[in-house]
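What follows is a single structure, written as structure tokens, with notes after it.
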Amino acid sequence: MVIIADEESMREIALRIATEEEHRRKTDPNETHERSIIILGSKGVGKTTMVYRFLEKEERPKPTIAMDYSFGRKTVKSLVKNIVHVWEVGHLASSLVSVAMTGSTLTHSPHHTVLLMMLDLSRPGELWASFEETISVIRSGLKMSYDAETVQKLRERRITDKKKDVERGVDPVPMKICIVGGRYDEFKEFDLGKKEFIGKTLRAMAHNLGASLYYYSSKDKVLVRRIKDLLSHYGFGSPFTEEKCTDYEKPLMMPAGADSFGRIDLQFPQTRPSAILDTVKQIYVSRMPQVSKSDEGTLEDPSNDPNFNEPIIDRLRTQREEESSVLLNDMMEGRMPKIPVPDPF
């Protein structure tokens, strides 16, 4: 009987150690072999193409209707496989962003999740509206995914990582964030005054949020290589040279925390951090009026178009939405222990 008791005790000890190790792995802000990148922003700007090139997928990219999940693996010197989870949000909804955030915390600490906001440089009349919509769902997603204490710890960690005083007017997003200006190949044909004004606006937005800023085009080999290196840095912890470029005739590069409102010289009055974006918005939309997007959702979703009525497909779509709702509730209530990661082909 004593031997049986000892065996039970050993099982309990082993279970406790395994549980503690799992908890440490998911909460350690310093060490991890898994990271997540959540990509969201303007529609049709090339998010899927960028992901496919990063993960070296050879199939032809398809438009992302709601959200796509993919992953990549990279073997390091210790033969341990580093894993990056890539969540591409096609439809800007707080619930989908929350699914990605919650899903990422099932495998690692939220300190190792990066938000990548992609904006279309070629459409200045929609740029601010897209930015505003994206940052809104990010903030709502954070509230849905984490409690106030966790969000505060994330924010404090971001401030600590800067290793210097945070400039007045900076209000960093709790998670690491990077703004990517897409379709630079079209944007570079704009006149210099327009490029300079949009560039200053993007720098002010990024600096206020504590974000990095990089321009990108899928048609420019140098920019493709740079973004692949950046994503590899975010996803696998690979080295990345944080260069700066503020020449508006060239693709901008600005690592988080390396800029300042004085150098941006957008000529707006210093005010409290929460009001900076409103002030920058007023300056931007006064020169670049924004196109109304009130009917965009109805026009772009084929399921809302009577010309695409398909009873069988509509029933299947409704069923899938219900299943997704149940899955979301399970994830939010912590009933999913982990995300299964399949072996690569």
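From a predicted model like this one, the values you see are computed outputs, not experimental measurements.
- Heavy-atom neighbours of His233 NE2 from other residues, nucleotides or ligands within 6.0 Å: above the threshold of 12.
- You'll find the side chain of Pro124 reaches within 4.5 Å of the side chain of Lys194, heavy atoms only.
- Minimum heavy-atom separation, Glu126 to Val291: CG-CB, 4.2 Å.
- With 3.5 Å as the limit, one finds no donor-acceptor pair spanning the side chains of Ser260 and His207.
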Pairs of donor and acceptor atoms involving the side chains of residues 234-243, under 3.5 Å and at least two apart or interchain, shall be tabulated with distances.
from, atom 1, to, atom 2, distance (Å)
Ser238, OG, Lys74, NZ, 3.0
Ser238, OG, Ser232, OG, 2.9

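- Note on Ile264 and Leu192: same hydrophobic cluster, where clusters join Ile, Leu, Val, Met, Phe, Trp and Tyr whose side-chain heavy atoms are under 4.5 Å apart, directly or indirectly.
- Under the ring-ring contact (aromatic ring centres under 6.0 Å, His included) criterion, Phe187 pairs with Phe190, Tyr215, sequence neighbours left out.
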Note to self: For Phe197 and Tyr284: C-alpha separation, side-chain torsions, deciding distance, then whether ring-ring contact (aromatic ring centres under 6.0 Å, His included) applies.
What the structure shows: CA-CA 8 Å; Phe197 177 67; Tyr284 184 78; 5.6 Å; yes
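- Contact check for His108 versus Ser104: side-chain heavy atoms found under the 4.5 Å cut-off.
- At least one donor-acceptor pair under 3.5 Å links the side chain of Tyr146 to the backbone N or O of Met101.
- Side-chain contact between Leu230 and Tyr214: present, with at least one pair of heavy atoms (C-beta onward) separated by less than 4.5 Å.
- Atom NZ of Lys219 sits in a sparse spot, with 12 or fewer heavy atoms from other residues, nucleotides or ligands closer than 6.0 Å.
- By the 4.5 Å heavy-atom criterion applied to side chains, Leu209 and Phe131 are counted as neighbours.
- For Lys47, the NZ atom counts as densely surrounded, since its 6.0 Å shell holds more than 12 non-hydrogen atoms of other residues, nucleotides or ligands.
- Residues Leu119 and Ile179 form a side-chain contact, since some pair of their non-hydrogen atoms from C-beta on lies under 4.5 Å apart.
- If you take CG on Asp278 and CD1 on Ile276, they are separated by 9.5 Å, rounding to the nearest 0.5 Å.
- Residue pairs satisfying the side-chain hydrogen bond (donor to acceptor under 3.5 Å, both in side chains) criterion with at least one member in residues 179-189, sequence neighbours excluded, are listed as follows: Asp185-Ser217.
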